[in-house]
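A quick note: this is a predicted structure, and the numbers were derived from the prediction, not measured. Numbers restart at 1 for each chain; the letters A, B, ... are given by sequence-line order, proteins then strands.
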2 protein chains.
Amino acid sequence: MEQSAPPRRITIVDVAEHANVSTTTVSKVLRNAYGVSPAMQAKVRKSMSDLGYRPHAAARGLRGRTYTIGLMLPDIRNPFFPEIIDGANEVLDATDYQILLGPARNVREIEHRVTEAMIDRSMDGLILIVPAATPTELEQTARAVPVVVVARHLRSTLLDTVVTDDVAGAALVVDHLADLGHRRIAHIAHAESQRHLVTTMPNTIRAEGYRQAMRARGLGDEIDVVATTYSKEGGYLGARQLLARSRRPTAIFAGADIAAMGALEAIADAGLSVPGDISVVGYDNTDFAALGGIGLTSVEQGGRQMGSDAARLLLERIDDRAKPSRLISLSPTLVVRRSSAPPPR
Amino acid sequence: MEQSAPPRRITIVDVAEHANVSTTTVSKVLRNAYGVSPAMQAKVRKSMSDLGYRPHAAARGLRGRTYTIGLMLPDIRNPFFPEIIDGANEVLDATDYQILLGPARNVREIEHRVTEAMIDRSMDGLILIVPAATPTELEQTARAVPVVVVARHLRSTLLDTVVTDDVAGAALVVDHLADLGHRRIAHIAHAESQRHLVTTMPNTIRAEGYRQAMRARGLGDEIDVVATTYSKEGGYLGARQLLARSRRPTAIFAGADIAAMGALEAIADAGLSVPGDISVVGYDNTDFAALGGIGLTSVEQGGRQMGSDAARLLLERIDDRAKPSRLISLSPTLVVRRSSAPPPR
DNA sequence: CTGAAAGCGCTAACAT
DNA sequence: ATGTTAGCGCTTTCAG
């Protein structure tokens, strides 16, 4: 009942009084700024902990930094993104920066709203995971705040980028399956609604990589792509279409593990076995792929690495907005498990 | 190359000049505050859109609100949480509030750090999903900022709560399996490391509900709980232990769908079939449970509902911090699918 | 109904 | 090496 009024926050002024110094000195200690004697340092720090002082990030932001990094991701249901986030946290944990997540729920408008919200809250930098925005929009954002884009194949002087070589990743899959003797290798893709994004989105590049690799193996006539979405439902529906073909594929390459999950369901529902009747290969090598009975062959992108690289690039750009932009491209590897084997007969 | 200096932000002052009014008026329009004539309203709004003005949330926060709501969740890998988040967004989308997520990575210290970070960024309110903090700590937090706790069985005058009846949920499962003829019904629980939290955490209450229900059905002697974690790995390990029993259970009740997933893997690895050899029931009714081949019987908690209720409670508390606290308790239901059937023979 | 002016907690020139 | 002081963009008394 005693709805005790929220006790007034301890401010820099309280600390200054307690330590008998000026607020400037306290501020300097706070920022580890140059020009404070060790003695002062200690005295001020003592006052801070005595009083239980915590800097007010929002207020700091009005002049300097908020020590906040915004991470936009398309949705929170895709198990690949946590890897990236873990990677980013790995480097940020050691700093004063705090990550806050903004999921875009796979809607362009929401992505836009979230991104603006982050800027309006004066975050120090943004990590954008597979954003659906146009390159122009992204550069616009990058003009307002340091930005690192993850998993979009674009290059700009205004922002840094971290990607994996999706063409190579798709080729790994096709080559692996072709080496096993498969010819009818189908691909479940994520449909791209934005026409101008075709050259920069990982899903379209993965599909294109699949086509190239098929041709390179002399399997151009067997190219078979169904475009749904990278989701359990998408994989399920895609696989159902493929299984209904008169000449059924002997192998399915799903553009994402989460879609492979759906495909596995559809295959089971159809009374077929993996890999006996049909091989399945995923992409992302999420922990689900590794687990027990499934044993999904999948492409490892190095999500943690992408995340930590992104965080590092961002920190460096925050410290020096003028530094030349960088593009980090990681090479994928294939992790072979039980879901891929030679075709039947 | 033209590292054009980030164009200065449009502020309330620019708008005021453009509209030939004072900043006060602009501020009032911004907040829909009382005492501005319709004419003024229109004029100011026009200037705002002409200039592309966007309020600086961080600056607003220094005096009033930031229109930001922080949502802390234990981890982003559990597929149940997105439901809650969707529910919360459902009500918040219509407002000026923006949700930002802070994952705690299942570590108490990180949860604490995240929560403080949200307060320091002067968020207007916090939604805490299954926090691991003690009731005292939670009340402490609630003194600093409006708080709604989701999925902890606690009652406090300082904060609002949304829960489901976990005792009833566990009973639904036990009764269903017992009705099918099962006697050796085992439970995979999430171990509680914090002793004092035993009475308020959903996992412990679910386990206790299981015990009660078993006794009520005269199956007290068959009670069998393995405590691992609510995760794929936890379910896998738990099921392996259970399958190794000399008298193997004929049914497994996993405290969360994600653990049930692991259990299903372990059962498949052991060469057993579901539900032929063993029945499996989950909790949370995540979309994974519904999908295709799996068809997992599971307890529906109404995650979306929990999320939207939480958001509503929070908005109301933000508007009136003195209003009496409320506890919303939802009743779970059982969704029966193919993974549960009568025991063998 | 509208405006002037004093902060919110902190940083960054600019003194001293 | 330390202190004074003017803002950052906005809200909010308090006058008019």
Side-chain angles (χ1 to χ4, degrees), chain A residues 6-45 47-48 51-68 96 119-124 144-145 318, chain B residues 6-45 47-48 51-68 96 119-124 144-145 318:
Chain A
R8 203 181 54 75
R9 250 190 107 100
I10 307 288
T11 77
I12 204 181
V13 177
D14 300 314
V15 176
E17 280 175 6
H18 183 102
N20 271 311
V21 297
S22 74
T23 59
T24 309
T25 308
V26 179
S27 174
K28 284 195 165 185
V29 172
L30 214 54
R31 291 172 289 133
N32 292 311
Y34 175 82
V36 190
S37 68
M40 274 278 108
Q41 278 268 2
K43 192 166 66 167
V44 173
R45 286 207 190 287
S47 293
M48 295 210 255
L51 297 175
Y53 168 78
R54 264 163 38 203
H56 190 300
R60 298 180 85 169
L62 224 45
R63 292 296 261 155
R65 302 180 177 183
T66 55
Y67 295 93
T68 312
D96 286 332
I119 296 174
D120 295 344
R121 281 150 189 81
S122 44
M123 296 196 174
D124 297 336
V145 59
I318 288 173
Chain B
R8 201 181 54 74
R9 246 191 111 98
I10 308 288
T11 78
I12 205 180
V13 177
D14 301 313
V15 177
E17 280 175 4
H18 183 103
N20 271 311
V21 297
S22 73
T23 58
T24 311
T25 307
V26 179
S27 173
K28 286 194 164 185
V29 172
L30 213 54
R31 290 171 292 135
N32 293 310
Y34 176 82
V36 189
S37 68
M40 273 277 109
Q41 278 269 2
K43 191 166 66 170
V44 174
R45 286 209 189 287
S47 293
M48 295 210 254
L51 298 175
Y53 168 76
R54 263 164 37 204
H56 191 300
R60 298 180 84 168
L62 224 44
R63 294 290 274 167
R65 302 181 178 182
T66 55
Y67 294 93
T68 312
D96 285 334
I119 296 175
D120 295 344
R121 280 150 189 80
S122 44
M123 295 196 174
D124 297 337
V145 59
I318 288 173

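- Atom NE2 in A:H56 sits about 15 Å away from atom C1' in C:dT11, given to the nearest Å.
- When each of A:S22 and B:R54 is assigned the nucleotide of DNA chain D bearing its nearest heavy atom, the one mapping closer to the 5' terminus is A:S22.
- Nearest nucleotide to the B:R31 side chain, out of D:dT12, C:dC10, C:dC1: D:dT12.
- Residues A:I10 and A:Y53 share a closest heavy-atom pair of O-CD1, 3.4 Å.
- Distances were taken from every side-chain heavy atom of A:Y53 (C-beta onward) to each of D:dC10, C:dC10, D:dT2; the shortest belongs to C:dC10.
- The CG-C1' distance, from B:D124 to D:dC10, rounds to 14 Å in whole Å.
- Considering only residues two or more places apart in sequence or on other chains, B:S122 meets the side chain to side chain donor-acceptor pair (under 3.5 Å) condition with none of them.
- Per the geometry, CD1 belonging to B:I119 stands 15 Å off P belonging to C:dG9, to the nearest Å.
- Between the OG1 atom in B:T66 and the NE2 atom in B:H56 there is a gap of 12.0 Å [rounded to 0.5 Å].
- To the nearest angstrom, P of C:dC10 lies 8 Å from CG of A:L30.
- Rounded to the nearest 0.5 angstrom, B:T25 OG1 and B:N20 CG are separated by 11.0 Å.
- Between the CD1 atom of A:I318 and the CZ atom of A:R65 there is a distance of 6.5 Å, given to the nearest 0.5 Å.
- Interatomic distance, A:S22 OG to A:K28 NZ, rounded to the nearest 0.5 Å: 8.5 Å.
- Remark: A:R63 pairs with no residue by the side-chain contact (heavy atoms from CB on, under 4.5 Å) rule, at least two apart or across chains.
- Under the 3.5 Å distance criterion, with hydrogens and angles disregarded, a donor-acceptor pair is assigned to the side chains of A:R121 and B:T68.
- Taking 4.5 Å as the limit, some side-chain heavy atom of A:V29 sits within range of a side-chain heavy atom of A:R45.
- Taking five base pairs at each end of the helix from C:dC1-D:dG16 to C:dT16-D:dA1, the local helix axes there meet at an angle of 40°, rounded to 10°.
- Between the C1' atom of C:dC8 and the CZ atom of A:R60 lies a distance of 16 Å, rounded to the nearest Å.
- In this structure, B:M48 places its CE atom 17 Å from P of D:dG9, rounding to the nearest Å.
- Of the candidate nucleotides D:dT2, D:dT11, C:dT11, D:dT2 has the atom lying nearest to any side-chain atom of A:T25.
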Grab the N/O contacts between the protein and nucleotides 13-16 of chain D below 3.5 Å, and write none if there aren't any.
none

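- Residue A:V26 is out of contact with every strand shown, counting any heavy-atom pair closer than 4.0 Å.
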Hey, what are the protein-to-nucleotides 6-8 of chain D N/O distances that come in under 3.5 Å?
residue : atom : partner : partner atom : Å
D:dG7   : N2   : A:R63   : NE           : 2.9

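- Contacts of B:V21 with the nucleic acid, taken as non-hydrogen atoms under 4.0 Å apart, involve only primed sugar atoms and P, OP1 or OP2.
- Atom CZ of B:R121 and atom C1' of C:dG9 are 14 Å apart (whole Å).
- In this structure A:D120 satisfies the salt bridge (Lys or Arg N to Asp or Glu O under 4.0 Å) test together with B:R9, B:R54, sequence neighbours excluded.
- OP1 or OP2 of D:dA1 has not a single side-chain nitrogen or oxygen of A:S37 nearer than 4.0 Å.
- Going from atom CD1 of A:I10 over to atom C1' of C:dC8 covers 16 Å, rounded to whole Å.
- How far CG of B:N32 is from CG of B:D96: 8.0 Å, rounded to the nearest 0.5 Å.
- Here B:V13 lies out of heavy-atom contact (under 4.0 Å) with every strand.
- Nearest heavy-atom pair across A:I12 and A:T23 is CD1-O, 3.7 Å.
- Mapped onto DNA chain C by nearest heavy atom, B:P38 and A:Y67 fall at different nucleotides, with B:P38 at the one closer to the 5' end.
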